[in-house]
Amino acid sequence: MLRSPKILLIEDDADLAEVVAEVLLMEGYQLSHASDGKAALELLATSELPDLILLDLMMPNMNGWDFRDAQLRDARLAKIPVVVLSATGERSRPIDAVLVLRKPVTLKELLSAVKRFSNSSQPKNNRPS
Amino acid sequence: MKAQQSPVRFELDELRRRLQEAEETLDAIRGGEVDALVVAGPEGERVFTLRGAEHPYRVMVESMNEGAISLSLDGTILYCNGAFAAMLERPLDHVMGHKLAEFVGSENLDELADLINRGHSHAVRAEMCLVSPQGVELPTQISLNPVKMDDNEVIGVVITDLSERRRKEQAQEAVRLRDEFLSIASHELRTPLSTLILHLGLLERLIGQSDPTRLEQNILKARGQADRMTELINRLLDVTRIASGRLELELATHDLGEIVTGIIDQISEEAKKARCEFRLDIEAGIRSRSDRFRLEQAIVNVISNALKYAPGHPIAVTLQRRGAEAVLMVDDRGGGIEPESLKRIFNRFERASSSQQSNGLGLGLYIAGNRHSAWRIHSRRTAQGRGVALHHRAPAALGNGLAIAPAA
């Protein structure tokens, strides 16, 4: 039986996180949530790896850019594709991601991006060592 | 019989006449009225011209845009050009012979005395304000150089008007703040707008499904996001009103303790999420005349700030009477505020942390601290890494204040 893709949402805005979670759960995805980059790294260290990370950029404690740097430095995490959900302007600091979605994002754009990048067949070592 | 004038008396009068003539000539030379001297000698008359040497310098100094002064070692203005007198908006004879210290702001007096002392032997410069008779301050750069003139030691001073440069710097700063504000406002509005759009998308999908509760919840949440955007826009409008002095207050006498405890009740859910526990010490019966809405807004902003920047730490809220003043302290145990940041956090769009670390318009403390809501701010250094204590001082009758003090 096929496992439904697992998404990790890293977003500090509780209202936005809640509605994204409702949308993705309704579409049959599995979802976990961290409210900043630091909490996300802690979660990733102890849980099954997601198929896709949805990443906000401006967050307290550890922002999206620093999270991405830390992720790329960790061989176990580096290959997880990242879709950025950014409210920053066009001239903001660039980030290495498979896609940058600029807020406000529509339901269609969000679901299309999640569907496209969560089905990639990257080999994964799902258990923390 | 009239006594004949003695030869000695005659000689004395002649010497007096020559002395007066010599003094007048010297005065004329000093005053720049003489360009040449004819001196009679054994080899005939000789012409000594001043035009070749001093005159061009005098013309140059008089036509300079910079102020030029020769200063005695004790700081008396021996000579100044027209540009310097114009900077002071005073006639020349109200400047020459006066101390330079009479024309600088009182906060600069010690610095000027030190500058003149060092100017006896070294080239030195500093920036300080000159003050006109109307009290208008003119920012300047003052450069001093020791000058040896025959047996006289004086200090040559050049004064450059920095007001145009300052205006440019202020204009650049205003543009920077505006760009930053537009960027922050845009960011802050995009997030609730995203949430609103996603709720509306969900509602489209849910219509026709037989789950009215879920429909209703999504409508309520969508409305919540619209309210959040309205609140953000109102804050932006408040900033505009504060900046232009058009914020109107509705003053009445209120019980401060009642207001503070009411706010703590309202904010308790937010505090629980931030894992912050309130420790209250509220003295009863303290009343202050304020605009209740603005006062509540200011206190909420200060407490929200503590929740935002010191999550997981207790927040002590103390209201006490100190003499004729009521003092409200909001004291967290978070990361503290860098001394450099302390100077600017009450400005518009400023946050102590970098914009990549933190959301928010950076308006909370600006609105809390603005003088139009009858709050006055005194900031003092806070102990680094030991949290922030915000003091709100309110004279019992009218007027308030907010100060930052080291957390104990």
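Model, not experiment: these values are computed from the prediction. Chain letters run A, B, ... following the sequence lines, proteins first, then strands; residues in each count from 1.
- Using a 4.5 Å cut-off between heavy atoms, B/Q225 touches chain A through its side chain atoms alone.
- Paired with A/L72 under the rule side chain to side chain contact (heavy atoms under 4.5 Å, CB included), one option of A/D96, A/V82, A/L77 passes, and it is A/D96.
- Between chain A and the options B/N218, B/L189, B/L200, heavy-atom pairs under 4.5 Å are most frequent for B/N218.
- The CG atom of A/L55 sits 11.5 Å away from the CG atom of A/L101 when rounded to the nearest 0.5 Å.
- In this structure, no portion of A/L85 lies under 4.5 Å from any heavy atom of chain B.
- Looking at A/E27, only its side chain comes within 4.5 Å of chain B, counting heavy atoms on both sides.
- Side chain of A/E18 to backbone of B/T195: no donor-acceptor contact under 3.5 angstrom is found.
- Remark: side-chain polar atoms of A/R102 are not paired, donor with acceptor, to backbone N or O of A/S86 under 3.5 angstrom.
- Of the atoms belonging to B/K221, it is side-chain heavy atoms, and not backbone ones, that fall under 4.5 Å from chain A.
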Walk me through it: do B/E270 and B/I267 pass the test side-chain contact (heavy atoms from CB on, under 4.5 Å)? CA-CA 5 Å; B/E270 199 182 325; B/I267 219 164; 3.6 Å; yes
